[in-house]
Amino acid sequence: MSTWAVGSPRPVETAIREKLTTLLQPTQLIITNESHLHRHHAAMRVQGGGNGETHFTVQVVSGVFNGKGTMQRHRMIYAALSDELAQGLHALSLSTKTPEEVDPTPSGSS
């Protein structure tokens with residue numbers, strides 16, 4: 001039985017945060033663990049009756065994405081998280097943007 005509280009970081013979430021921070025040096029990184037919403041899925045039942053870390057939404061803003069298309073950005077993240085994916089991370093919902101895509105207004109403009 002797990003004793004973690006919803007909202008407190010667990011090992012997979014911590015690994016995602018550390019790896020993506022190192023790789024992407026993001027200006028924004030929001031990781032939402034949505035595993036509890038999917039506890040009825042077979043992958044969740046295999047991991048301790050619905051207490052596994054299997055479903056995440058990741059929103060990341062990084063200058064590293066400049067010049068890269070969506071597929072390239074996603075492949076970077078999947079490659080960085082290959083160990084977690086091999087160990088039961090089941091689903092990632094990704095939003096990957098450059099700083100300019102988030103705020104296209106040039107500095108100093110109003």
Side-chain angles (χ1 to χ4, degrees):
M1 178 171 193
S2 177
T3 58
W4 67 281
V6 173
S8 64
R10 297 188 58 214
V12 175
E13 182 177 347
T14 299
I16 292 170
R17 184 171 309 284
E18 290 173 357
K19 289 180 177 186
L20 296 185
T21 297
T22 299
L23 175 69
L24 302 172
Q25 297 299 302
T27 57
Q28 180 180 356
L29 177 61
I30 300 170
I31 300 169
T32 306
N33 185 342
E34 297 179 338
S35 301
H36 65 284
L37 300 173
H38 302 273
R39 63 181 163 262
H40 62 283
H41 292 184
M44 291 295 286
R45 288 194 301 269
V46 169
Q47 292 191 11
N51 294 325
E53 291 181 275
T54 58
H55 293 71
F56 289 88
T57 295
V58 177
Q59 299 172 355
V60 60
V61 178
S62 173
V64 173
F65 294 144
N66 286 329
K68 293 179 174 54
T70 301
M71 292 300 291
Q72 291 171 304
R73 297 171 187 188
H74 289 201
R75 285 184 188 125
M76 290 174 68
I77 291 172
Y78 284 119
L81 302 178
S82 62
D83 289 341
E84 289 72 21
L85 288 161
Q87 296 172 14
L89 175 57
H90 177 71
L92 288 172
S93 175
L94 302 174
S95 171
T96 55
K97 297 187 182 287
T98 66
E100 294 75 22
E101 289 169 332
V102 173
D103 184 9
T105 306
S107 295
S109 294
S110 17

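Computed over heavy atoms, backbone and side chain alike; hydrogens, waters and symmetry mates excluded. FYI, the numbering just counts along the sequence from 1.
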Could you grab the distance from atom CD of Q59 to atom CD of Q28, nearest 0.5 Å is fine? 6.5 Å
Does any non-hydrogen side-chain atom of V60 lie less than 4.5 Å from one of I77? yes
Quick one: does any side-chain atom of S62 pair with a main-chain N or O of L24 as donor and acceptor, under 3.5 Å? yes
Heavy-atom closest pair (G63 atom, P99 atom, distance to 0.1 Å) is N-CD, 3.6 Å
Apply side-chain contact (heavy atoms from CB on, under 4.5 Å) to T54 and L89, showing your working. CA-CA 4 Å; T54 58; L89 175 57; 5.6 Å; no
Go through the steps for L92 and V58 under the test side-chain contact (heavy atoms from CB on, under 4.5 Å), then give the verdict. CA-CA 7 Å; L92 288 172; V58 177; 4.2 Å; yes
Looking at E53 and V12, would you say the former's side chain and the latter's main chain have a donor-acceptor pair under 3.5 Å? yes
Pair listing, salt bridge (Lys or Arg N to Asp or Glu O under 4.0 Å) test, anchored in residues 14-25, at least two apart: E13-R17, K19-D83, K19-E84
Got a second to check how far L85's CG is from Q87's CD, nearest 0.5 Å? 9.5 Å
Partners meeting side-chain hydrogen bond (donor to acceptor under 3.5 Å, both in side chains) with T32 (sequence neighbours left out): none
Please, which pairs that meet salt bridge (Lys or Arg N to Asp or Glu O under 4.0 Å) have at least one residue in residues 58-69, sequence neighbours excluded? none
Are L23 and I30 linked, directly or through intermediate hydrophobic residues, by side-chain heavy-atom contacts shorter than 4.5 Å (ILVMFWY only)? no
Is there a side-chain contact between T96 and M76, using heavy atoms and a 4.5 Å cut-off? no
If hydrophobic residues (ILVMFWY) are linked whenever their side-chain heavy atoms come closer than 4.5 Å, directly or via other members, who joins V102 in its cluster? V61
Please list all pairs meeting salt bridge (Lys or Arg N to Asp or Glu O under 4.0 Å) that have one or both residues in residues 89-101, counting only residues at least two apart or in different chains. R73-E101
